[in-house]
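It should be emphasised that the depicted structure is a prediction, and the values quoted were computed from it without experimental measurement. So you know, we letter chains A, B, ... as the sequences are listed, proteins then strands, and number each from 1.
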Number of protein chains: 2
Amino acid sequence: MGKERVTVIDIAHAAGVSKSTVSLVLQASPLVNEATRAKVNAVIRDLGYVYNRGAANLRQSNSKSKIIGIVVNDLTNSFFAELAVGVDMVVQSAGYVQFLANTAESVDRQREVIASMREHGISGLILSPARGTDSADLKPLVASGIPVVNVVRQVSGAKVSSLVSDNHAGMRDAVRHLVGLGHHRIAFLGGFPDTAVFNERLQGYRDALSDMDLAVHEELVVSSAPSRAGGVAAIERALLLRERPTAAVCFNDAVAFGVCDGLRAHRLDPGEDFAVIGFDDVIEAQTAVPALTTISVDPQGMGRRAAQLLLKQINAGRADAEAIVSSVRLVVRQSCGAAIDKRERLSLL
Amino acid sequence: MGKERVTVIDIAHAAGVSKSTVSLVLQASPLVNEATRAKVNAVIRDLGYVYNRGAANLRQSNSKSKIIGIVVNDLTNSFFAELAVGVDMVVQSAGYVQFLANTAESVDRQREVIASMREHGISGLILSPARGTDSADLKPLVASGIPVVNVVRQVSGAKVSSLVSDNHAGMRDAVRHLVGLGHHRIAFLGGFPDTAVFNERLQGYRDALSDMDLAVHEELVVSSAPSRAGGVAAIERALLLRERPTAAVCFNDAVAFGVCDGLRAHRLDPGEDFAVIGFDDVIEAQTAVPALTTISVDPQGMGRRAAQLLLKQINAGRADAEAIVSSVRLVVRQSCGAAIDKRERLSLL
DNA sequence: TGACAAAATTGGAACGTTCCAATTATCTTG
DNA sequence: CAAGATAATTGGAACGTTCCAATTTTGTCA
């Protein structure tokens with residue numbers, strides 16, 4: 001059962017027309033008579049024909065494969081899962097299908113999967129590059145005219161489009177908000193210092209402090225893995241300082257959750273005894289206790305926009321690089337809402 | 001730049017051999033002389049040739065497309081993201097690449113993406129079916145000899161392999177553990193009652209109570225959306241009962257987190273004043289505060305096993321359905337560890 | 001109704017690969 | 001060194017589709 005593939009010739013035969021006519025109805029050409037179209041479609045249904053895009057794509061030669069690729073550096077991070085969902089939405093409704101691969105921050109794996117996707121004929125790629133990705137890694141892709149959209153992270157020197165969130169402005173707003181609440185010892189917690197994203201956010205932190213005429217104390221910047229565990233580690237270190245911070249902006253929400261965990265371990269109540277602000281606005285941020293004040297970047301929306309940009313470039317045939325920075329907004333919830341008296345009590349510790 | 005595709009003929013030309021020879025070196029055939037192999041490979045590198053799997057697959061006709069599909073019902077749920085990562089691992093190292101699609105519980109979308117993947121020539125499919133999937137939806141796939149592995153959820157009547165976790169045993173163990181700690185009013189919180197998974201877990205709950213000679217009180221079973229918000233709602237309702245439960249097993253971890261949130265909103269300390277057990281062991285379970293006692297199903301491992309099973313069937317050429325139930329284990333952390341005195345205090349409220 | 005236009009249909013070549021059968025080059029060895 | 005065996009190479013057909021140019025059918029109207 002099901003051994004023999006039904007081809008366009010089989011249905012041409014059965015419908016009493018030529019394969020060319022069948023091909024025409026497959027692509028909904030207006031050239032074909034309504035009656036024959038109906039007959040052919042009926043036969044198609046009856047015989048259980050399935051269109052062979054591989055063959056079609058081979059003949060059409062270049063590009064229109066209706067496949068795009070998306071490769072991310074860490075799919076276990078729900079930020080990227082959300083992003084993938086956003087991409088999936090627009091890609092799906094445009095009749096495309098997506099290859100998805102996870103690189104787990106390995107540039108070797110990344111090279112392999114991109115090569116593999118290329119062999120399979122993707123007509124575009126959305127890439128959240130692994131740490132250490134070199135512009136040379138993308139060279140062959142763009143040389144062959146395949147549009148690439150980088151998301152979240154940029155690859156310096158690569159002539160590809162990018163869509164990143166406004167890390168600088170986001171962190172600046174977060175710090176300003178805390179200063180407005182009366183904090184002046186604000187820590188910057190988490191993240192790896194060798195990434196562009198980290199440095200953009202850190203710069204936002206510094207600039208905000210400068211703008212408000214506050215000194216930036218380097219000991220208040222403590223880096224760590226950008227994970228929940230990293231957040232725990234970072235707050236531990238920060239609480240060891242002889243002059244403790246009273247608030248923290250965190251590299252991302254995962255770190256922020258870790259910071260909350262760490263605070264509780266020290267019998268401090270996040271949002272009451274210590275103000276915490278995250279970055280990303282992952283889905284758990286609003287339901288966590290306390291609800292996390294954070295910079296909302298709407299990963300799903302980013303995925304949608306990245307996909308739209310990519311499809312635009314694919315359809316345009318030619319893709320000139322454009323760099324979009326996606327604006328970002330502070331969502332105030334409970335984790336930053338330290339009441340004055342409590343904060344004062346803490347600063348006396 | 002990059003307009004003209006480099007083909008096997010081009011490199012044959014440049015290397016001074018025939019296209020057949022080039023084809024032979026591409027598939028690493030032992031028939032070709034070392035010297036020519038080296039020369040051809042050099043030319044391949046120089047010209048920046050990329051293999052066209054579409055064309056190859058067309059000639060080889062059936063099956064060996066090196067593409068598998070994975071479609072899940074909710075990628076925003078980190079359980080499925082983890083599962084996808086597991087699949088990705090084994091699929092990637094087997095030289096395959098995967099289409100990923102999210103159905104968001106829509107059978108229509110599911111039908112579309114499966115059809116689309118089929119047109120693109122997947123040689124196997126891993127499916128976590130959307131609610132309401134009918135075995136007829138999978139009929140054409142299996143009829144054409146494409147192996148399908150269902151994960152997490154089964155589709156009754158479909159002649160496909162499945163890999164589900166042992167919901168019954170997992171919930172039974174959770175309840176036994178709570179009873180062992182001295183609880184006798186244990187709630188079952190969250191989940192939609194019209195799903196097979198819900199009923200399996202509920203049955204495990206009932207059977208465990210019966211086994212321990214405890215009555216099952218129907219008012220202690222409160223269903224809700226299987227989400228964090230649903231967990232909040234469920235515990236709210238449960239705390240309204242005139243005879244409150246002292247512990248709860250939850251439909252999944254997301255619900256369990258919600259339950260913890262809801263408890264805190266009522267000034268109850270999860271793990272101290274009330275025992276909570278989840279199901280799934282998502283990645284956050286171990287770092288949450290309190291760390292969540294839960295049934296570990298290792299979604300990544302499930303993904304790996306599903307992929308292995310699928311690849312086995314693809315390689316075997318023929319796929320007879322096998323149903324695997326993946327065993328599951330109770331991971332005891334803090335959220336269930338109510339100390340005796342506290343529990344007694346609570347039960348007096 | 002004959003002639004011309006418009007509409008509908010069609011055969012074959014092409015896309016880039018693999019496979020088969022056949023051919024040519026290279027070794028063995030008596 | 002002839003001749004058989006083995007190693008290496010090769011030309012063409014085939015995979016399932018699309019596209020082009022050409023052909024056939026149908027429609028229009030003087």
Side-chain angles (χ1 to χ4, degrees), chain A residues 2-41 43-44 47-67 118-123 144, chain B residues 2-41 43-44 47-67 118-123 144:
Chain A
K3 284 297 286 189
E4 299 303 320
R5 207 186 215 301
V6 177
T7 102
V8 96
I9 299 198
D10 297 325
I11 77 149
H13 237 227
V17 296
S18 78
K19 58 183 166 45
S20 303
T21 305
V22 176
S23 174
L24 257 8
V25 344
L26 283 177
Q27 31 201 327
S29 161
L31 292 178
V32 46
N33 183 292
E34 268 317 314
T36 39
R37 179 195 310 284
K39 177 166 51 182
V40 169
N41 277 327
V43 176
I44 284 179
L47 298 196
Y49 167 77
V50 345
Y51 185 64
N52 184 335
R53 274 180 201 276
N57 191 52
L58 177 57
R59 180 49 165 85
Q60 297 172 313
S61 210
N62 45 11
S63 37
K64 303 275 82 188
S65 71
K66 292 289 193 171
I67 304 176
R118 210 144 95 86
E119 295 184 351
H120 282 287
I122 52 171
S123 38
S144 63
Chain B
K3 284 295 286 187
E4 299 303 318
R5 206 186 216 303
V6 177
T7 104
V8 96
I9 299 198
D10 297 325
I11 76 147
H13 237 226
V17 296
S18 79
K19 60 184 166 44
S20 303
T21 303
V22 177
S23 174
L24 257 8
V25 344
L26 283 178
Q27 33 202 326
S29 162
L31 291 178
V32 46
N33 182 292
E34 268 316 315
T36 38
R37 179 196 308 285
K39 177 167 53 180
V40 168
N41 276 327
V43 176
I44 283 179
L47 299 195
Y49 167 77
V50 345
Y51 184 65
N52 185 335
R53 274 180 202 276
N57 191 50
L58 177 58
R59 180 49 165 86
Q60 297 171 312
S61 210
N62 45 11
S63 36
K64 303 275 80 186
S65 70
K66 293 288 194 173
I67 303 176
R118 210 143 94 86
E119 295 184 352
H120 282 288
I122 54 172
S123 39
S144 61

Legend entry - Nearest-angstrom distance from the residue atom CG of B/N33 to P of D/dA8: 5 Å
Legend entry - Nearest-angstrom distance from the residue atom OH of A/Y51 to P of D/dG16: 14 Å
Inset, instruction - Go through the N and O atoms of the side chain of B/R59 and the base of C/dT18, and report whether any donor-acceptor pair is under 3.5 Å. - result: yes
Legend entry - Minimum heavy-atom distance A/S123-A/S65, with the two atoms named: OG-OG, 3.4 Å
Inset, instruction - Tell me which of B/A55 and B/R37 sits closer to the 5' end of DNA chain D, going by the nucleotide each one is nearest to. - result: B/R37
Inset, instruction - Consider the side chain of B/L24, meaning its heavy atoms from C-beta on, and name the nucleotide among C/dT17, D/dG16, D/dT10 that approaches it most closely. - result: D/dT10
Inset, instruction - Just call it for A/S23: base, sugar-phosphate, or nothing, with non-hydrogen atoms closer than 4.0 Å on any strand. - result: base
Legend entry - Whole-Å distance separating the CG atom of B/L31 from the C1' atom of C/dT23: 15 Å
Legend entry - D/dT9 phosphate, OP1 or OP2, under 4.0 Å from B/T21 side-chain N/O: no
Inset, instruction - Would you indicate which nucleotide in D/dG16, C/dT18, D/dT17 comes nearest to any side-chain atom of A/Y49? - result: D/dT17
Inset, instruction - To the nearest Å, give me how far apart CD1 (B/I9) and C1' (C/dC15) are. - result: 10 Å
Inset, instruction - Heavy atoms only: give me the nearest B/Y51-B/L26 pair and the separation to one decimal. - result: CD1-CD1, 4.0 Å
Inset, instruction - Please report, rounded to the nearest Å, how far the P atom of D/dA8 is from the CD atom of B/E34. - result: 9 Å
Legend entry - Distance, nearest 0.5 Å, that separates CD1 of A/I11 from CD1 of A/I44: 4.0 Å
Legend entry - B/Q60, nearest nucleotide to its side chain (from C/dT18, D/dA8, D/dT18): C/dT18
Inset, instruction - Tell me whether the OP1 or OP2 atom of C/dT10 has a side-chain N or O from A/S18 closer than 4.0 Å. - result: yes
Inset, instruction - Look at the side chain of A/Q27 and decide which nucleotide, out of D/dT18, D/dG11, C/dT10, has an atom nearest to it. - result: D/dT18
Legend entry - Nucleotide C/dT18, atom P - distance to CD of A/E119 in whole Å: 11 Å
Inset, instruction - Can you figure out which of D/dG16, D/dT18, D/dT9 approaches the side chain of B/V32 most closely? - result: D/dT9
Legend entry - Shortest non-hydrogen separation from B/V32 to B/T36 and the atoms involved: CG2-OG1, 3.4 Å
Legend entry - A/S20 (side chain) and C/dG11 (base): donor-acceptor pair under 3.5 Å: yes
Legend entry - Atom pair distance, as rounded to whole Å: NE2 in B/H13 and P in D/dT10: 12 Å
Inset, instruction - Looking only at non-hydrogen atoms, find the nearest pair between A/V50 and B/E119 and report the distance. - result: CG2-CA, 4.5 Å
Legend entry - Exercise: identify the closest heavy-atom pair between B/I9 and B/T7: N-OG1, 2.8 Å
Legend entry - Value in whole Å for how far the P atom of C/dT17 lies from CZ of B/R5: 7 Å
Legend entry - Side chain of B/T7 (C-beta onward), nearest among D/dG16, D/dT17, C/dT17: C/dT17
Legend entry - Residue met sooner reading DNA chain C from 5', once B/N52 and A/V17 are mapped to nucleotides: A/V17
